[in-house]
There are 2 protein chains.
Amino acid sequence: MNDYDVQKDASDKYSLRGRVFNKIREDILSGKYAQSEELKENTIGVELGVSRTPVREALRQLELEGLVTIIPNKGAYVTGISEKDMHDIYIIRSYLEGLCARWACEHITQAQIDELEEIVYLTEFHAKKDHHEQIVELDNKFHETIYEASQSKILNHVLSDFHHYVQRIRKITLASESRAVNSNKEHSAILDAIKNRNGDEAERLAHEHIMNTIKNITDQGLSLYS
Amino acid sequence: MNDYDVQKDASDKYSLRGRVFNKIREDILSGKYAQSEELKENTIGVELGVSRTPVREALRQLELEGLVTIIPNKGAYVTGISEKDMHDIYIIRSYLEGLCARWACEHITQAQIDELEEIVYLTEFHAKKDHHEQIVELDNKFHETIYEASQSKILNHVLSDFHHYVQRIRKITLASESRAVNSNKEHSAILDAIKNRNGDEAERLAHEHIMNTIKNITDQGLSLYS
DNA sequence: AATGGTATAATTGTATACAATCAGACAGTA
DNA sequence: TACTGTCTGATTGTATACAATTATACCATT
(Lines give C-alpha, C1' and ligand atoms only; values in the text may rest on other atoms or scores of the structure.)
Protein backbone atom coordinates (compact mmCIF):
# COMPACT_ATOMS: atom_id res chain seq x y z
CA MET A 1 0.00 0.00 0.00
CA ASN A 2 2.47 2.65 1.04
CA ASP A 3 5.32 3.16 -1.30
CA TYR A 4 7.95 3.63 1.33
CA ASP A 5 9.36 0.16 1.62
CA VAL A 6 10.73 0.18 -1.86
CA GLN A 7 14.13 -1.25 -2.53
CA LYS A 8 16.64 1.36 -1.58
CA ASP A 9 19.19 -0.47 -3.66
CA ALA A 10 18.97 2.19 -6.28
CA SER A 11 21.30 0.55 -8.77
CA ASP A 12 18.36 -0.72 -10.75
CA LYS A 13 20.69 -1.02 -13.69
CA TYR A 14 21.56 -4.48 -12.51
CA SER A 15 19.11 -7.13 -11.47
CA LEU A 16 19.68 -9.27 -8.46
CA ARG A 17 20.86 -12.03 -10.69
CA GLY A 18 23.30 -9.69 -12.35
CA ARG A 19 24.79 -8.67 -9.06
CA VAL A 20 25.04 -12.25 -7.86
CA PHE A 21 26.66 -13.21 -11.14
CA ASN A 22 29.27 -10.47 -10.90
CA LYS A 23 29.93 -11.22 -7.26
CA ILE A 24 30.59 -14.90 -7.81
CA ARG A 25 32.75 -14.27 -10.84
CA GLU A 26 34.74 -11.71 -8.92
CA ASP A 27 35.16 -14.15 -6.06
CA ILE A 28 36.37 -16.87 -8.38
CA LEU A 29 38.82 -14.65 -10.21
CA SER A 30 40.09 -13.11 -7.00
CA GLY A 31 40.81 -16.53 -5.61
CA LYS A 32 38.32 -16.43 -2.77
CA TYR A 33 37.12 -19.85 -3.80
CA ALA A 34 39.63 -22.63 -4.14
CA GLN A 35 39.94 -24.67 -7.27
CA SER A 36 37.27 -27.38 -7.45
CA GLU A 37 35.50 -25.97 -4.43
CA GLU A 38 31.83 -26.79 -4.41
CA LEU A 39 29.50 -23.85 -4.75
CA LYS A 40 26.30 -24.60 -2.88
CA GLU A 41 23.30 -22.64 -4.00
CA ASN A 42 21.84 -22.32 -0.57
CA THR A 43 25.05 -21.26 1.14
CA ILE A 44 25.77 -18.55 -1.39
CA GLY A 45 22.17 -17.45 -1.30
CA VAL A 46 22.23 -17.00 2.46
CA GLU A 47 25.58 -15.28 2.22
CA LEU A 48 24.25 -12.73 -0.23
CA GLY A 49 20.81 -12.51 1.29
CA VAL A 50 18.91 -13.85 -1.68
CA SER A 51 17.11 -17.06 -2.47
CA ARG A 52 18.48 -19.96 -4.46
CA THR A 53 16.84 -18.88 -7.71
CA PRO A 54 19.13 -16.01 -8.72
CA VAL A 55 22.12 -17.95 -7.48
CA ARG A 56 21.21 -20.89 -9.69
CA GLU A 57 20.83 -18.65 -12.72
CA ALA A 58 24.17 -17.02 -12.05
CA LEU A 59 25.89 -20.39 -11.70
CA ARG A 60 24.41 -21.58 -14.98
CA GLN A 61 25.77 -18.53 -16.69
CA LEU A 62 29.18 -18.96 -15.14
CA GLU A 63 29.16 -22.51 -16.40
CA LEU A 64 28.79 -21.20 -19.93
CA GLU A 65 31.67 -18.84 -19.35
CA GLY A 66 33.78 -21.76 -18.27
CA LEU A 67 34.46 -20.59 -14.74
CA VAL A 68 32.20 -23.17 -13.17
CA THR A 69 31.57 -26.81 -13.95
CA ILE A 70 28.18 -28.22 -13.21
CA ILE A 71 27.68 -31.92 -12.67
CA PRO A 72 23.98 -32.67 -12.97
CA ASN A 73 22.28 -33.56 -9.72
CA LYS A 74 25.56 -33.20 -7.94
CA GLY A 75 26.76 -29.68 -7.76
CA ALA A 76 28.63 -26.70 -9.14
CA TYR A 77 32.38 -26.64 -8.85
CA VAL A 78 34.87 -23.88 -9.37
CA THR A 79 36.84 -24.39 -12.54
CA GLY A 80 38.70 -21.13 -12.31
CA ILE A 81 41.61 -20.30 -14.55
CA SER A 82 45.26 -21.15 -14.24
CA GLU A 83 48.27 -19.06 -15.07
CA LYS A 84 48.61 -20.99 -18.29
CA ASP A 85 45.00 -20.11 -19.11
CA MET A 86 45.82 -16.46 -18.61
CA HIS A 87 48.82 -16.79 -20.88
CA ASP A 88 46.68 -18.46 -23.51
CA ILE A 89 44.16 -15.67 -23.25
CA TYR A 90 46.85 -13.12 -23.98
CA ILE A 91 48.10 -15.03 -27.00
CA ILE A 92 44.60 -15.46 -28.33
CA ARG A 93 43.94 -11.80 -27.73
CA SER A 94 47.08 -10.86 -29.61
CA TYR A 95 45.58 -12.48 -32.70
CA LEU A 96 42.11 -11.11 -32.24
CA GLU A 97 43.15 -7.61 -31.32
CA GLY A 98 45.19 -7.66 -34.50
CA LEU A 99 42.21 -8.72 -36.55
CA CYS A 100 40.10 -6.17 -34.74
CA ALA A 101 42.46 -3.35 -35.62
CA ARG A 102 42.38 -4.49 -39.25
CA TRP A 103 38.62 -4.38 -39.34
CA ALA A 104 38.61 -1.07 -37.55
CA CYS A 105 40.58 0.34 -40.47
CA GLU A 106 37.71 -0.53 -42.72
CA HIS A 107 34.83 0.64 -40.59
CA ILE A 108 35.96 3.29 -38.14
CA THR A 109 34.07 6.58 -38.05
CA GLN A 110 35.56 10.01 -37.73
CA ALA A 111 33.96 10.38 -34.32
CA GLN A 112 35.71 7.24 -33.14
CA ILE A 113 39.03 8.45 -34.48
CA ASP A 114 38.55 11.68 -32.61
CA GLU A 115 37.81 9.75 -29.47
CA LEU A 116 40.92 7.62 -29.82
CA GLU A 117 43.06 10.69 -30.35
CA GLU A 118 41.64 12.24 -27.26
CA ILE A 119 42.35 9.07 -25.29
CA VAL A 120 45.96 8.98 -26.43
CA TYR A 121 46.38 12.63 -25.60
CA LEU A 122 44.88 12.31 -22.15
CA THR A 123 46.86 9.19 -21.38
CA GLU A 124 50.06 11.03 -22.18
CA PHE A 125 49.03 13.66 -19.71
CA HIS A 126 48.07 11.28 -16.93
CA ALA A 127 51.11 9.06 -17.45
CA LYS A 128 53.37 11.95 -16.61
CA LYS A 129 51.49 12.50 -13.39
CA ASP A 130 51.22 8.84 -12.46
CA HIS A 131 47.44 8.83 -12.31
CA HIS A 132 47.00 5.06 -12.28
CA GLU A 133 43.27 5.10 -12.01
CA GLN A 134 42.74 7.27 -15.07
CA ILE A 135 45.37 5.45 -17.09
CA VAL A 136 43.69 2.11 -16.62
CA GLU A 137 40.34 3.66 -17.44
CA LEU A 138 41.68 5.18 -20.64
CA ASP A 139 43.43 1.98 -21.61
CA ASN A 140 40.14 0.12 -21.35
CA LYS A 141 38.41 2.83 -23.31
CA PHE A 142 40.98 2.69 -26.09
CA HIS A 143 40.55 -1.01 -26.63
CA GLU A 144 36.80 -0.93 -26.31
CA THR A 145 36.56 1.83 -28.86
CA ILE A 146 38.50 -0.25 -31.35
CA TYR A 147 36.27 -3.23 -30.59
CA GLU A 148 33.30 -1.14 -31.54
CA ALA A 149 35.02 0.37 -34.54
CA SER A 150 35.51 -3.12 -35.95
CA GLN A 151 31.75 -3.21 -36.32
CA SER A 152 31.83 -6.92 -35.69
CA LYS A 153 29.31 -7.98 -33.10
CA ILE A 154 30.97 -11.37 -32.76
CA LEU A 155 34.54 -10.16 -32.38
CA ASN A 156 33.44 -7.46 -29.97
CA HIS A 157 31.66 -10.11 -27.94
CA VAL A 158 34.63 -12.44 -27.72
CA LEU A 159 37.10 -9.73 -26.86
CA SER A 160 34.79 -8.20 -24.29
CA ASP A 161 34.51 -11.57 -22.62
CA PHE A 162 38.26 -11.79 -22.28
CA HIS A 163 38.25 -8.29 -20.93
CA HIS A 164 37.01 -9.44 -17.54
CA TYR A 165 39.93 -11.76 -17.20
CA VAL A 166 42.65 -9.31 -18.05
CA GLN A 167 41.20 -6.44 -16.09
CA ARG A 168 43.19 -7.21 -12.99
CA ILE A 169 46.42 -7.63 -14.89
CA ARG A 170 46.09 -4.31 -16.66
CA LYS A 171 46.06 -2.56 -13.35
CA ILE A 172 49.35 -4.16 -12.46
CA THR A 173 51.22 -3.64 -15.69
CA LEU A 174 50.11 -0.07 -16.14
CA ALA A 175 51.26 0.75 -12.64
CA SER A 176 54.76 0.84 -14.06
CA GLU A 177 55.15 4.32 -15.49
CA SER A 178 57.54 3.27 -18.22
CA ARG A 179 55.14 0.60 -19.40
CA ALA A 180 52.30 3.08 -19.32
CA VAL A 181 54.26 5.44 -21.53
CA ASN A 182 55.36 2.74 -23.93
CA SER A 183 51.90 1.29 -24.06
CA ASN A 184 50.52 4.65 -25.02
CA LYS A 185 53.14 5.08 -27.74
CA GLU A 186 52.00 1.76 -29.14
CA HIS A 187 48.41 2.90 -28.98
CA SER A 188 49.39 6.01 -30.86
CA ALA A 189 51.11 3.98 -33.57
CA ILE A 190 48.08 1.74 -33.92
CA LEU A 191 45.87 4.76 -34.23
CA ASP A 192 48.08 6.20 -36.95
CA ALA A 193 47.90 2.99 -38.93
CA ILE A 194 44.14 2.97 -38.58
CA LYS A 195 43.90 6.58 -39.69
CA ASN A 196 45.97 5.72 -42.75
CA ARG A 197 43.66 2.78 -43.36
CA ASN A 198 46.70 0.54 -43.38
CA GLY A 199 45.17 -2.76 -42.34
CA ASP A 200 48.36 -4.84 -42.44
CA GLU A 201 50.24 -2.37 -40.32
CA ALA A 202 47.40 -1.92 -37.84
CA GLU A 203 47.07 -5.66 -37.40
CA ARG A 204 50.78 -6.13 -36.92
CA LEU A 205 51.06 -3.31 -34.39
CA ALA A 206 48.03 -4.37 -32.39
CA HIS A 207 49.32 -7.91 -32.32
CA GLU A 208 52.71 -6.75 -31.09
CA HIS A 209 51.09 -4.49 -28.55
CA ILE A 210 49.60 -7.44 -26.72
CA MET A 211 52.75 -9.49 -27.04
CA ASN A 212 54.68 -6.63 -25.50
CA THR A 213 52.31 -6.63 -22.59
CA ILE A 214 53.08 -10.27 -21.93
CA LYS A 215 56.78 -9.63 -22.29
CA ASN A 216 56.57 -6.72 -19.92
CA ILE A 217 54.92 -8.79 -17.25
CA THR A 218 57.22 -11.78 -17.48
CA ASP A 219 60.32 -9.57 -17.74
CA GLN A 220 59.40 -8.08 -14.42
CA GLY A 221 59.24 -11.53 -13.01
CA LEU A 222 55.55 -11.02 -12.47
CA SER A 223 52.91 -13.58 -13.07
CA LEU A 224 49.98 -13.21 -15.41
CA TYR A 225 47.85 -14.54 -12.66
CA SER A 226 48.36 -12.77 -9.43
CA MET B 1 41.51 -32.85 1.09
CA ASN B 2 41.31 -34.99 -1.97
CA ASP B 3 41.14 -32.92 -5.05
CA TYR B 4 37.84 -33.53 -6.51
CA ASP B 5 38.55 -34.25 -10.11
CA VAL B 6 35.96 -32.22 -11.85
CA GLN B 7 35.23 -33.87 -15.11
CA LYS B 8 34.20 -31.71 -17.96
CA ASP B 9 33.66 -34.70 -20.17
CA ALA B 10 29.98 -34.54 -20.60
CA SER B 11 28.63 -37.90 -21.38
CA ASP B 12 25.92 -36.69 -19.10
CA LYS B 13 22.34 -37.13 -19.91
CA TYR B 14 21.01 -33.73 -20.60
CA SER B 15 18.95 -32.07 -17.94
CA LEU B 16 15.69 -30.49 -18.81
CA ARG B 17 17.39 -27.13 -18.84
CA GLY B 18 20.01 -28.47 -21.21
CA ARG B 19 17.39 -29.73 -23.60
CA VAL B 20 15.45 -26.49 -23.44
CA PHE B 21 18.65 -24.56 -24.02
CA ASN B 22 19.57 -26.59 -27.07
CA LYS B 23 16.07 -26.42 -28.43
CA ILE B 24 15.83 -22.66 -28.21
CA ARG B 25 19.29 -22.18 -29.67
CA GLU B 26 18.44 -24.51 -32.50
CA ASP B 27 15.22 -22.63 -33.12
CA ILE B 28 17.01 -19.31 -33.20
CA LEU B 29 19.74 -20.51 -35.52
CA SER B 30 17.29 -22.27 -37.79
CA GLY B 31 15.30 -19.12 -38.15
CA LYS B 32 12.14 -20.34 -36.49
CA TYR B 33 12.08 -17.17 -34.46
CA ALA B 34 12.21 -13.86 -36.25
CA GLN B 35 14.78 -11.26 -35.41
CA SER B 36 13.78 -9.26 -32.33
CA GLU B 37 10.91 -11.60 -31.61
CA GLU B 38 9.98 -11.68 -27.96
CA LEU B 39 10.56 -14.97 -26.23
CA LYS B 40 8.01 -15.38 -23.49
CA GLU B 41 8.95 -17.74 -20.74
CA ASN B 42 5.48 -19.06 -20.24
CA THR B 43 4.74 -19.61 -23.90
CA ILE B 44 7.94 -21.54 -24.50
CA GLY B 45 7.41 -23.48 -21.31
CA VAL B 46 3.95 -24.60 -22.34
CA GLU B 47 5.24 -25.40 -25.81
CA LEU B 48 7.92 -27.68 -24.44
CA GLY B 49 5.85 -29.00 -21.57
CA VAL B 50 8.01 -27.60 -18.81
CA SER B 51 7.66 -24.85 -16.28
CA ARG B 52 9.13 -21.39 -16.56
CA THR B 53 12.16 -22.17 -14.42
CA PRO B 54 14.24 -24.16 -16.89
CA VAL B 55 13.18 -21.82 -19.67
CA ARG B 56 14.40 -18.83 -17.71
CA GLU B 57 17.74 -20.45 -17.05
CA ALA B 58 18.14 -21.34 -20.70
CA LEU B 59 17.33 -17.79 -21.77
CA ARG B 60 19.88 -16.39 -19.36
CA GLN B 61 22.52 -18.64 -20.82
CA LEU B 62 21.58 -17.72 -24.34
CA GLU B 63 21.93 -14.10 -23.37
CA LEU B 64 25.52 -14.77 -22.42
CA GLU B 65 26.09 -16.45 -25.75
CA GLY B 66 24.78 -13.38 -27.47
CA LEU B 67 21.82 -15.01 -29.17
CA VAL B 68 19.27 -13.37 -26.91
CA THR B 69 19.01 -9.90 -25.45
CA ILE B 70 17.30 -9.52 -22.12
CA ILE B 71 15.77 -6.24 -21.07
CA PRO B 72 15.16 -6.35 -17.31
CA ASN B 73 11.54 -6.56 -16.29
CA LYS B 74 10.56 -6.47 -19.90
CA GLY B 75 11.49 -9.54 -21.78
CA ALA B 76 13.90 -11.65 -23.80
CA TYR B 77 14.36 -10.86 -27.46
CA VAL B 78 15.99 -12.79 -30.24
CA THR B 79 19.28 -11.25 -31.26
CA GLY B 80 20.19 -13.98 -33.67
CA ILE B 81 23.08 -13.76 -36.05
CA SER B 82 23.30 -12.21 -39.47
CA GLU B 83 25.13 -13.44 -42.54
CA LYS B 84 27.87 -10.95 -41.78
CA ASP B 85 28.15 -12.45 -38.29
CA MET B 86 28.62 -15.86 -39.83
CA HIS B 87 31.29 -14.50 -42.13
CA ASP B 88 33.05 -12.90 -39.18
CA ILE B 89 32.92 -16.17 -37.32
CA TYR B 90 34.68 -17.91 -40.16
CA ILE B 91 37.39 -15.28 -40.35
CA ILE B 92 37.92 -15.40 -36.60
CA ARG B 93 38.01 -19.16 -36.75
CA SER B 94 40.62 -19.05 -39.52
CA TYR B 95 42.94 -17.28 -37.09
CA LEU B 96 42.15 -19.42 -34.10
CA GLU B 97 42.22 -22.73 -35.92
CA GLY B 98 45.64 -21.67 -37.13
CA LEU B 99 46.81 -20.93 -33.63
CA CYS B 100 45.23 -24.16 -32.46
CA ALA B 101 47.15 -26.21 -35.02
CA ARG B 102 50.34 -24.49 -33.93
CA TRP B 103 49.77 -25.39 -30.33
CA ALA B 104 48.77 -28.89 -31.28
CA CYS B 105 52.25 -29.29 -32.75
CA GLU B 106 53.68 -28.69 -29.34
CA HIS B 107 51.36 -30.81 -27.28
CA ILE B 108 49.79 -33.54 -29.36
CA THR B 109 50.07 -37.11 -28.14
CA GLN B 110 50.80 -40.15 -30.23
CA ALA B 111 47.31 -41.46 -29.53
CA GLN B 112 45.83 -38.29 -30.93
CA ILE B 113 48.01 -38.48 -34.02
CA ASP B 114 46.82 -42.02 -34.53
CA GLU B 115 43.26 -40.89 -34.19
CA LEU B 116 43.71 -38.12 -36.73
CA GLU B 117 45.29 -40.51 -39.20
CA GLU B 118 42.39 -42.85 -38.81
CA ILE B 119 39.95 -40.01 -39.39
CA VAL B 120 41.70 -38.94 -42.57
CA TYR B 121 41.79 -42.50 -43.80
CA LEU B 122 38.13 -43.14 -43.07
CA THR B 123 37.09 -39.85 -44.59
CA GLU B 124 38.85 -40.78 -47.81
CA PHE B 125 36.87 -43.99 -47.85
CA HIS B 126 33.49 -42.40 -47.13
CA ALA B 127 34.09 -39.52 -49.54
CA LYS B 128 34.33 -41.97 -52.40
CA LYS B 129 31.01 -43.47 -51.43
CA ASP B 130 29.28 -40.18 -50.75
CA HIS B 131 28.42 -41.01 -47.16
CA HIS B 132 27.51 -37.49 -46.10
CA GLU B 133 26.54 -38.37 -42.59
CA GLN B 134 29.84 -40.01 -41.76
CA ILE B 135 31.87 -37.34 -43.52
CA VAL B 136 30.37 -34.57 -41.42
CA GLU B 137 30.87 -36.62 -38.30
CA LEU B 138 34.52 -37.24 -39.13
CA ASP B 139 35.07 -33.62 -40.03
CA ASN B 140 33.81 -32.59 -36.62
CA LYS B 141 35.96 -35.21 -34.99
CA PHE B 142 39.06 -34.02 -36.79
CA HIS B 143 38.70 -30.48 -35.63
CA GLU B 144 37.70 -31.41 -32.10
CA THR B 145 40.71 -33.66 -31.77
CA ILE B 146 42.99 -30.80 -32.72
CA TYR B 147 41.20 -28.55 -30.24
CA GLU B 148 42.03 -31.03 -27.54
CA ALA B 149 45.54 -31.58 -28.77
CA SER B 150 46.21 -27.88 -28.32
CA GLN B 151 45.85 -28.54 -24.62
CA SER B 152 44.43 -25.08 -24.19
CA LYS B 153 41.25 -25.06 -22.20
CA ILE B 154 40.49 -21.51 -23.27
CA LEU B 155 41.06 -21.96 -26.98
CA ASN B 156 39.14 -25.21 -26.94
CA HIS B 157 36.29 -23.42 -25.25
CA VAL B 158 36.12 -20.56 -27.74
CA LEU B 159 36.37 -22.79 -30.78
CA SER B 160 33.80 -25.22 -29.42
CA ASP B 161 31.40 -22.33 -28.95
CA PHE B 162 31.75 -21.37 -32.58
CA HIS B 163 31.25 -24.96 -33.51
CA HIS B 164 27.52 -24.75 -32.89
CA TYR B 165 27.20 -21.93 -35.33
CA VAL B 166 29.05 -23.54 -38.19
CA GLN B 167 27.54 -26.96 -37.76
CA ARG B 168 24.77 -26.36 -40.24
CA ILE B 169 27.12 -24.90 -42.81
CA ARG B 170 29.47 -27.86 -42.66
CA LYS B 171 26.68 -30.14 -43.67
CA ILE B 172 26.08 -28.05 -46.76
CA THR B 173 29.65 -27.61 -47.90
CA LEU B 174 30.64 -31.19 -47.33
CA ALA B 175 27.69 -32.36 -49.36
CA SER B 176 29.71 -31.46 -52.41
CA GLU B 177 31.92 -34.46 -53.06
CA SER B 178 34.74 -32.46 -54.55
CA ARG B 179 34.84 -30.19 -51.53
CA ALA B 180 34.79 -33.19 -49.23
CA VAL B 181 37.79 -34.64 -51.05
CA ASN B 182 39.69 -31.37 -51.07
CA SER B 183 38.86 -30.70 -47.48
CA ASN B 184 40.25 -34.05 -46.51
CA LYS B 185 43.43 -33.40 -48.48
CA GLU B 186 43.83 -30.22 -46.50
CA HIS B 187 43.26 -32.13 -43.29
CA SER B 188 45.94 -34.56 -44.35
CA ALA B 189 48.40 -31.76 -45.03
CA ILE B 190 47.68 -30.19 -41.67
CA LEU B 191 48.22 -33.51 -39.99
CA ASP B 192 51.57 -33.93 -41.76
CA ALA B 193 52.71 -30.55 -40.57
CA ILE B 194 51.69 -31.40 -37.04
CA LYS B 195 53.49 -34.71 -37.19
CA ASN B 196 56.61 -32.90 -38.34
CA ARG B 197 56.12 -30.47 -35.48
CA ASN B 198 56.21 -27.67 -38.00
CA GLY B 199 54.21 -25.01 -36.20
CA ASP B 200 54.45 -22.32 -38.86
CA GLU B 201 53.31 -24.65 -41.58
CA ALA B 202 50.50 -26.13 -39.50
CA GLU B 203 49.20 -22.70 -38.64
CA ARG B 204 49.33 -21.52 -42.22
CA LEU B 205 47.57 -24.61 -43.54
CA ALA B 206 44.86 -24.61 -40.91
CA HIS B 207 44.27 -20.93 -41.55
CA GLU B 208 43.97 -21.53 -45.28
CA HIS B 209 41.72 -24.50 -44.69
CA ILE B 210 39.05 -22.31 -43.16
CA MET B 211 39.50 -19.60 -45.76
CA ASN B 212 39.03 -22.23 -48.46
CA THR B 213 35.79 -23.24 -46.83
CA ILE B 214 34.51 -19.69 -47.09
CA LYS B 215 35.70 -19.47 -50.67
CA ASN B 216 34.03 -22.73 -51.51
CA ILE B 217 30.70 -21.56 -50.19
CA THR B 218 30.69 -18.17 -51.82
CA ASP B 219 32.00 -19.59 -55.10
CA GLN B 220 28.98 -21.81 -55.23
CA GLY B 221 26.83 -18.74 -54.83
CA LEU B 222 25.75 -20.11 -51.49
CA SER B 223 25.30 -18.09 -48.39
CA LEU B 224 27.06 -18.68 -45.11
CA TYR B 225 23.73 -18.34 -43.48
CA SER B 226 21.14 -20.49 -45.06
C1' DA C 1 -10.59 14.02 -31.65
C1' DA C 2 -6.68 14.28 -28.65
C1' DT C 3 -4.78 13.82 -24.19
C1' DG C 4 -4.02 12.02 -19.77
C1' DG C 5 -4.88 9.15 -15.93
C1' DT C 6 -6.39 4.94 -13.78
C1' DA C 7 -7.66 0.27 -13.56
C1' DT C 8 -6.61 -4.11 -15.42
C1' DA C 9 -4.01 -7.64 -17.56
C1' DA C 10 0.24 -9.67 -18.87
C1' DT C 11 4.89 -10.63 -17.90
C1' DT C 12 9.00 -10.90 -15.44
C1' DG C 13 11.71 -11.32 -10.77
C1' DT C 14 12.15 -13.76 -6.66
C1' DA C 15 10.99 -16.96 -3.07
C1' DT C 16 9.44 -21.19 -1.63
C1' DA C 17 7.52 -25.95 -1.86
C1' DC C 18 8.09 -30.40 -3.26
C1' DA C 19 10.23 -34.27 -5.93
C1' DA C 20 14.40 -36.60 -7.51
C1' DT C 21 18.96 -37.75 -6.73
C1' DC C 22 23.15 -38.45 -4.31
C1' DA C 23 26.53 -39.13 -0.35
C1' DG C 24 27.51 -40.97 3.93
C1' DA C 25 26.42 -43.54 8.18
C1' DC C 26 25.24 -47.65 10.11
C1' DA C 27 23.97 -52.23 11.03
C1' DG C 28 23.89 -56.99 9.58
C1' DT C 29 26.24 -60.85 7.49
C1' DA C 30 29.85 -63.64 6.18
C1' DT D 1 37.69 -57.05 8.45
C1' DA D 2 35.27 -56.58 4.22
C1' DC D 3 31.10 -56.25 1.95
C1' DT D 4 26.45 -54.73 1.10
C1' DG D 5 21.98 -52.98 1.45
C1' DT D 6 19.05 -49.60 3.60
C1' DC D 7 18.11 -45.51 5.84
C1' DT D 8 18.71 -40.60 6.55
C1' DG D 9 20.10 -36.06 5.52
C1' DA D 10 21.72 -32.90 2.22
C1' DT D 11 21.54 -30.95 -2.26
C1' DT D 12 19.92 -30.19 -6.68
C1' DG D 13 15.90 -30.02 -10.36
C1' DT D 14 11.49 -28.43 -11.28
C1' DA D 15 7.09 -26.39 -10.41
C1' DT D 16 4.38 -23.04 -8.46
C1' DA D 17 3.08 -18.97 -5.64
C1' DC D 18 3.50 -14.31 -4.95
C1' DA D 19 5.54 -9.58 -5.63
C1' DA D 20 7.14 -6.04 -8.76
C1' DT D 21 7.03 -4.11 -13.04
C1' DT D 22 5.39 -3.02 -17.51
C1' DA D 23 1.94 -2.78 -21.19
C1' DT D 24 -2.78 -2.06 -22.58
C1' DA D 25 -7.50 -0.62 -22.65
C1' DC D 26 -10.84 2.35 -21.33
C1' DC D 27 -12.95 6.39 -19.60
C1' DA D 28 -13.00 11.27 -18.44
C1' DT D 29 -11.65 15.75 -19.47
C1' DT D 30 -10.47 19.26 -22.52
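In what follows, chains are A, B, ... by sequence order, proteins preceding strands, each numbered from 1. What you see is a predicted model; the values in this text were computed from it and never measured.
Residues that satisfy the ring pair (Phe, Tyr, Trp, His ring centres under 6.0 Å) test with H126(B), not counting sequence neighbours, are H131(B). Residues forming a side-chain hydrogen bond (donor to acceptor under 3.5 Å, both in side chains) with R52(A) (at least two apart in sequence, or on another chain): E41(A). Every salt bridge (Lys or Arg N to Asp or Glu O under 4.0 Å) that E117(A) has, sequence neighbours left out, goes to K195(A).
Across all non-hydrogen atoms, the minimal contact from H143(B) to H187(B) is NE2-NE2, 3.4 Å. Closest heavy-atom contact between H209(A) and S183(A): CE1-OG, 3.4 Å.
Classification of E26(A) and K32(A) as a salt-bridged pair fails, no side-chain N sitting under 4.0 Å from a carboxylate O.
Looking at S160(A) and N156(A), their side chains do bring a donor and an acceptor atom within 3.5 Å of each other.
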Atom pairs under 3.5 Å: protein N/O with N/O of nucleotides 11-13 of chain D:
from	atom 1	to	atom 2	distance (Å)
dT11(D)	OP1	K40(A)	NZ	3.1
dG13(D)	OP1	N73(A)	N	3.3
dG13(D)	OP2	R56(A)	NH1	2.6
dG13(D)	OP2	R56(A)	NH2	3.3
dG13(D)	OP2	R60(A)	NH2	2.4
dG13(D)	N7	R52(A)	NH2	3.1
dG13(D)	O6	R52(A)	NH1	3.2

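Evaluation of the salt bridge (charged side-chain N to carboxylate O under 4.0 Å, His left out) test over residues 155-164 of chain A, restricted to residues two or more places apart or in two chains, returns none.
The shortest distance between the side-chain N/O atoms of S51(B) and the OP1/OP2 oxygens of dA15(D) is below 4.0 Å.
Rounded to 10°, the angle separating the first-five-pair axis and the last-five-pair axis of the helix from dA1(C)-dT30(D) to dA30(C)-dT1(D) equals 0°.
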